[in-house]
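Note that the numbering runs from 1 along the sequence shown for the chain. What you see is a predicted model; the values in this text were computed from it and never measured.
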Amino acid sequence: MNMNKSMSMDIEQKSGRSIGKALNIRARYKLLSLSYLLPCWGLLLWLNFNIEPQLFAHFIAIPNLLLLTGYSAHLIARKGG
């Protein structure tokens with residue numbers, strides 16, 4: 001009976017550590033995702049307002065790049081959790 005208690009305590013301790021480690025990994029992936037997304041969107045918005053007006057650039061290329069970087073950031077964040 002005493003052996004079962006010590007085994008259950010070991011399992012609880014290990015699962016507690018693994019939950020904390022999983023949360024840490026999720027936080028790392030979310031931080032990586034944001035550190036990828038914010039500079040990309042910042043540069044794309046800066047580019048949008050600093051180039052001369054072109055229909056292709058303003059209505060096709062830059063919006064597609066914004067969507068693709070957002071989706072990539074989502075996939076990075078989802079990989080962690």
| said: List the residues meeting side-chain contact (heavy atoms from CB on, under 4.5 Å) with Ala57, not counting sequence neighbours, and say none if there are none. | reply: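 Ala57 satisfies side-chain contact (heavy atoms from CB on, under 4.5 Å) with Ile51, Gln54 only.
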| side-chain contact (heavy atoms from CB on, under 4.5 Å) involving Phe59 - partner list, sequence neighbours excluded |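 Phe59 satisfies side-chain contact (heavy atoms from CB on, under 4.5 Å) with Leu55 once adjacent residues are dropped.
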| said: Side-chain heavy atoms under 4.5 Å apart, restricted to Ile/Leu/Val/Met/Phe/Trp/Tyr: what other residues fall into the cluster of Tyr71, or is it alone? | reply: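 Joined to Tyr71, directly or through intermediates: Leu75.
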| task | Look at the side-chain heavy atoms of Ile, Leu, Val, Met, Phe, Trp and Tyr, link any pair under 4.5 Å apart, and say whether Leu44 and Ile60 land in one connected group. | result |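 Different clusters: Leu44 never reaches Ile60 through Ile, Leu, Val, Met, Phe, Trp or Tyr contacts under 4.5 Å.
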| message | Let me confirm one number: the CG-CD1 distance from Leu67 to Ile62, rounded to the nearest 0.5 Å. | response |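 These two atoms lie 12.5 Å from each other.
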| query | Just how far is it from atom CG of Leu65 to atom CG of Leu47, taken to the nearest 0.5 Å? | reply |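 It is 9.0 Å, given to the nearest 0.5 Å.
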| task | Identify, with sequence neighbours excluded, every residue that meets side-chain hydrogen bond (donor to acceptor under 3.5 Å, both in side chains) alongside His58. | result |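 For His58 the side-chain hydrogen bond (donor to acceptor under 3.5 Å, both in side chains) partners, ignoring immediate neighbours, are Asn48.
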Extract all donor-acceptor atom pairs below 3.5 Å that involve side chains of residues 34-41 and protein atoms in other chains or at least two apart in sequence.
{"residue": "Ser35", "atom": "OG", "partner": "Leu31", "partner atom": "O", "Å": "3.2"}
{"residue": "Ser35", "atom": "OG", "partner": "Leu32", "partner atom": "O", "Å": "2.9"}
{"residue": "Trp41", "atom": "NE1", "partner": "Leu66", "partner atom": "O", "Å": "3.1"}
{"residue": "Trp41", "atom": "NE1", "partner": "Thr69", "partner atom": "OG1", "Å": "2.7"}

